[in-house]
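Right, one structure below, let's go through it.
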Number of protein chains: 2
Amino acid sequence: MSTPSLSAAPSFSPLYQQIKGLLKASLQGGEWKPGESIPSEIELAQRFRVSQGTVRKAVDELAAENLLVRRQGKGTFVATHAEEETQYRFLRLTPDETEGEGPVGGLQRHLVDCRRLRATVDVARALGLKPGDPVVWLRRLLLSAPAQPDGPATPVVLDDIYLHGQLFKGLSAERMSAYKGPMYRLFEAEFGVHMTRAEEKIRAVAADAAQAAVLQVPQGAPLLSVDRLCFTYGDKPVELRRGVYRTEGHHYRNVLM
Amino acid sequence: MSTPSLSAAPSFSPLYQQIKGLLKASLQGGEWKPGESIPSEIELAQRFRVSQGTVRKAVDELAAENLLVRRQGKGTFVATHAEEETQYRFLRLTPDETEGEGPVGGLQRHLVDCRRLRATVDVARALGLKPGDPVVWLRRLLLSAPAQPDGPATPVVLDDIYLHGQLFKGLSAERMSAYKGPMYRLFEAEFGVHMTRAEEKIRAVAADAAQAAVLQVPQGAPLLSVDRLCFTYGDKPVELRRGVYRTEGHHYRNVLM
DNA sequence: TAGTGGTCTAGACCACATC
DNA sequence: ATGTGGTCTAGACCACTAA
């Protein structure tokens, strides 16, 4: 391989970046599903006619972006929301006393409502749709494990979730309730939509009457408002989530580097 | 170099990890100051008696952690809070209308107070001190640029800052006010303390009387409470910052991967 | 034992900044 | 022209996993 180059690659970027793009395209195209293994580095090197080191650098970056997961001795796998470690990858709410950095443990999920609606202007804009396009709307509640066993669980999160209507066609309250695992795992398993990345906008708001009733706080009590826009492969927005969090006993944790 | 190994390295970890540790130690020890360049990869490779590729991997990781900054053709530099790009590296508050992902621009800083105090129990615990140990306390206000030029600036952030007393001995209101640049740059320049990392705990709270007055909101209005613990080299905690943010017109932005 | 990812080396060449 | 980081290769060997 005297002059390494991809056969028909007009763009002028490093080889490993081009490989990375091809791998991303394969992920987006569904050549490898979440949880599956991708070909070994040697195979990929042969396929793309580059050295193993170049493939390695591409895979390294995709692993750093949490699109792939490397496991020594076993292979490289497509990231999924199925594993224990990544259950609540996007939920940054943590009990106050916890020292172990872990996310909130022992949450109960409760689906309040699920309907098919037409996108409002702001929802449409966030999801890249036109106003009036179909969306799926979910409302669900998260309750933290009770202090004593058999004690009452306290509600901590109320989420309003808007999903891209085309991608989540058959979603219903029944299918949601039947599923035991985390929501993003269900989205992968039932609709083939893997969430890769999210952006959140956080504000402090006063609880309105409805929120106050559900979260068992006085009306006007301060709540954390978390607007999350969640993307799948190709940075395509597919979920808008408006959550309000109770932050007595819990907090939103973040690390800055 | 037939059998690559560090002369006296009893631990059993990859070479590049050991190199990384040595580089970190040099940063912590002040061999290279923020903004300065470190030796070239070739020099480091000779010093540590490893190949350039091994040094490269160590430096890559330190650059990923924002401890070093690579500049092609120029060299590798110790990260600093002086550059434009990293001015407000740790401030995640953003104007609502902004599309460009940038942090809040055109902020006015106003120092309200500055005293030497004795650490309370919680401050001491956060900073790794004993209760009663000396700390420096700062209160400062951030005001966003006015809508119209010559219009009134609106207060958006009220920070209470507690600093490790030993490290910030000569800090005074005068020195703070005299300094034009960002606070973390002053800390580097005047006290040799570079902030490497921070952890934040975010809650929604109701404005008390004092906060309401300063931030020009009604008492009881919801505010974002941001508790930041900031670390220097060696993960040593040196600053505890309790901020309350107004979030009408601004929001705390976060990206989840 | 074979296959995977992980580490390390040595050397070539490219892109960028500076003199 | 020189020195820096950036890319790419080829090959050796190690560590882990599974059959």
Side-chain angles (χ1 to χ4, degrees), chain A residues 1-7 9-23 32 35-79 83 85, chain B residues 1-7 9-23 32 35-79 83 85:
Chain A
M1 232 166 297
S2 54
T3 305
S5 68
L6 285 181
S7 44
S11 78
F12 191 54
S13 67
L15 252 186
Y16 77 90
Q17 287 286 3
Q18 301 177 38
I19 305 298
K20 192 178 161 187
L22 293 173
L23 292 175
W32 314 301
E36 292 179 7
S37 71
I38 72 171
S40 74
E41 293 180 350
I42 293 174
E43 282 181 81
L44 290 172
Q46 289 166 347
R47 177 197 297 197
F48 298 130
R49 315 189 72 87
V50 298
S51 78
Q52 186 181 354
T54 300
V55 168
R56 169 160 279 273
K57 182 146 188 179
V59 171
D60 276 345
E61 293 205 352
L62 292 172
E65 294 174 25
N66 292 314
L67 293 181
L68 297 176
V69 177
R70 319 194 71 145
R71 296 203 196 118
Q72 182 172 157
K74 299 171 89 169
T76 301
F77 298 79
V78 181
E83 288 110 16
E85 330 114 27
Chain B
M1 233 168 296
S2 53
T3 305
S5 69
L6 284 180
S7 45
S11 77
F12 190 55
S13 68
L15 253 185
Y16 77 90
Q17 287 286 2
Q18 300 176 39
I19 306 297
K20 192 178 161 187
L22 293 172
L23 292 174
W32 313 302
E36 291 179 8
S37 71
I38 72 171
S40 74
E41 293 179 351
I42 293 174
E43 282 181 80
L44 291 173
Q46 288 166 348
R47 178 198 295 200
F48 298 130
R49 313 187 73 86
V50 299
S51 79
Q52 186 180 352
T54 300
V55 169
R56 169 160 279 272
K57 183 145 188 182
V59 172
D60 276 344
E61 292 205 353
L62 292 171
E65 294 174 25
N66 293 313
L67 294 181
L68 297 176
V69 177
R70 319 193 72 144
R71 294 202 198 122
Q72 183 171 158
K74 299 171 90 170
T76 301
F77 298 79
V78 181
E83 290 110 14
E85 330 115 24

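Convention: sequence-line order gives letters A, B, ...; per-chain numbering from 1.
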Exercise. What's the CD1-P distance between Ile19(B) and dC8(C), to the nearest Å?
Worked result: 9 Å
Exercise. From the list dT4(C), dT4(D), dT7(C), which nucleotide is the closest neighbour of the side chain of Arg56(A)?
Worked result: dT7(C)
For this session: To the nearest Å, give me how far apart CD (Gln46(A)) and P (dG3(C)) are.
Result: 12 Å
For this session: Answer whether the closest heavy-atom distance between the side chains of Gln17(B) and Lys57(B) falls below 4.5 Å.
Result: no
For this session: Please figure out whether Val55(A) or Pro39(B) has its closest DNA chain D nucleotide nearer the 5' end.
Result: Pro39(B)
Problem set entry | d(CZ, Phe48(A); P, dC8(D)) in whole Å | 14 Å
Exercise. Atom CD of Gln18(A) and atom C1' of dT7(D): how far apart are they, to the nearest Å?
Worked result: 12 Å
For this session: For Gln46(B), check side chain to side chain donor-acceptor pair (under 3.5 Å) against everything at least two apart and list the hits.
Result: none
Problem set entry | Pairing residues for Gln52(B) by the side chain to side chain donor-acceptor pair (under 3.5 Å) criterion, not counting sequence neighbours | Glu41(B)
Exercise. Can you tell me how far C1' of dG6(C) sits from NZ of Lys20(B), to the nearest Å?
Worked result: 15 Å
For this session: Compare the minimum distances between each of dT9(C), dT4(C), dT9(D) and the side chain of Glu43(A), then state the nucleotide with the smallest one.
Result: dT4(C)
For this session: Mind listing the closest non-hydrogen atom pair of Gly35(B) and Phe77(B) along with its distance?
Result: O-CD2, 3.6 Å
For this session: Would you mind reading off the distance between Lys57(A) atom NZ and dC8(D) atom P, rounded to a whole angstrom?
Result: 8 Å
Problem set entry | Short side-chain N/O contact from Thr76(B) to OP1 or OP2 of dG5(D), under 4.0 Å | yes
Problem set entry | Set of side-chain contact (heavy atoms from CB on, under 4.5 Å) partners for Val59(B), sequence neighbours left out | Leu23(B), Val55(B), Leu68(B), Arg70(B), Thr76(B)
Below 3.5 Å between N/O atoms, which protein atoms pair up with nucleotides 15-18 of chain C? Just atom names and distances, please.
residue : atom : partner  : partner atom : Å
dA15(C) : N3   : Gln72(B) : OE1          : 3.1
dC16(C) : O4'  : Gln72(B) : OE1          : 3.3

Problem set entry | Length of the line joining Gln52(B):CD and dC14(C):P, which is rounded to integer Å | 16 Å
Problem set entry | Partner residues of Glu65(A) under the side chain to side chain donor-acceptor pair (under 3.5 Å) criterion, sequence neighbours left out | Lys20(A)
Exercise. Quick one: on DNA chain D, does Gly53(A) or Ser40(B) contact a more 5' nucleotide (nearest heavy atom)?
Worked result: Ser40(B)
Exercise. dA15(D) C1' sits how many Å from Arg71(A) CZ, rounded?
Worked result: 17 Å
For this session: Can you sort out the partners of Pro39(B) under side-chain contact (heavy atoms from CB on, under 4.5 Å), two or more places apart, ordered by chain and number?
Result: Trp32(B), Glu43(B), Leu44(B), Arg47(B)
